[in-house]
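Just so it is clear, the model here is predicted, and its values are computed rather than measured. Just so you know, ligand 1 is whichever comes first in the structure, and atom 1 is the first atom listed for that ligand.
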Amino acid sequence: MSATESEKVNIQGELALQTLAMPKDTNANGDIFGGWLVSQMDLAAGIISKQVTKGRSATVAIENVTFLKPVSVGSTISCYGRVTKRGRTSVHIAVDVWTWHMLTETDGVKVAEGLFVFVAIDDNGKPRPLPAES
Ligand SMILES: CC(C)(COP(=O)(O)OP(=O)(O)OC[C@H]1O[C@@H](n2cnc3c(N)ncnc32)[C@H](O)[C@@H]1OP(=O)(O)O)[C@@H](O)C(=O)NCCC(=O)NCCS
């Protein structure tokens, strides 16, 4: 996607994960299964969490996931994330999912959004303070 296209569809955050929606990921309607999409969003947020926590972290909460449009098989799934809040041990990461038409790759559509809370954890799985912002 070019910078101009990105501005046109008003994307927020950094591209953290991109994948293809496959036939095995469909629901009974033939569209992509919501649980699969949430797992992609969780992975994307996890990648951003790793940058912030600089080590191990775990999802403690998934808040306000909304599925805005159905997703078709063959769509490119792009997860964009951004940090919305830093706590003592936790970080809030908003994730938006965009798809592009399978053939033309134009007219991006936002299909889902949600907020993921990660906690930095130590070797014993206990919360640890976030490192200073670099
Ligand atoms: C993540 C985990 C280590 C946190 O342990 P905990 O004893 O609950 O920790 P605390 O109560 O000290 O909370 C730690 C931070 O998480 C935040 N937090 C805890 N529960 C939360 C919730 N439901 N929603 C949002 N934030 C939450 C707290 O506000 C705190 O943030 P802060 O330090 O920035 O103020 C523990 O809950 C855990 O291991 N959960 C399982 C994680 C996991 O396996 N995830 C993968 C999915 S299966």
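Shown here is Lys69, whose NZ atom has no more than 12 heavy atoms of other residues, nucleotides or ligands within 6.0 Å.
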Hey, can you pull the donor-acceptor pairs under 3.5 Å for the side chains in residues 31-46, sequence neighbours left out?
| from | atom 1 | to | atom 2 | distance (Å) |
| --- | --- | --- | --- | --- |
| Trp36 | NE1 | Asp25 | OD1 | 3.4 |
| Ser39 | OG | Trp36 | O | 2.8 |
| Asp42 | OD1 | Thr59 | OG1 | 2.9 |

For residues 13-21, run the donor-acceptor check on the side chains, cut-off 3.5 Å, and write out each pair with its distance to 0.1 Å, sequence neighbours left out.
| from | atom 1 | to | atom 2 | distance (Å) |
| --- | --- | --- | --- | --- |
| Gln18 | NE2 | Ser78 | OG | 2.9 |

N/O to N/O under 3.5 Å, ligand 1 against protein:
| from | atom 1 | to | atom 2 | distance (Å) |
| --- | --- | --- | --- | --- |
| ligand 1 | 31 (O) | Ser90 | OG | 3.1 |
| ligand 1 | 33 (O) | Thr89 | N | 2.9 |
| ligand 1 | 33 (O) | Thr89 | OG1 | 2.7 |
| ligand 1 | 34 (O) | Arg88 | N | 2.8 |
| ligand 1 | 34 (O) | Thr89 | N | 3.0 |
| ligand 1 | 34 (O) | Ser90 | N | 3.0 |
| ligand 1 | 34 (O) | Ser90 | OG | 2.6 |
| ligand 1 | 45 (N) | Thr59 | O | 2.9 |

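With Asn27 contributing its side chain and Asn29 its backbone, the two residues share a donor-acceptor pair below 3.5 Å.
You'll find the side chain of Phe118 stays beyond 4.5 Å of the side chain of Thr53, heavy atoms only.
Contacts of Arg56 classified as salt bridge (charged side-chain N to carboxylate O under 4.0 Å, His left out), with partners at least two apart in sequence or in another chain: none.
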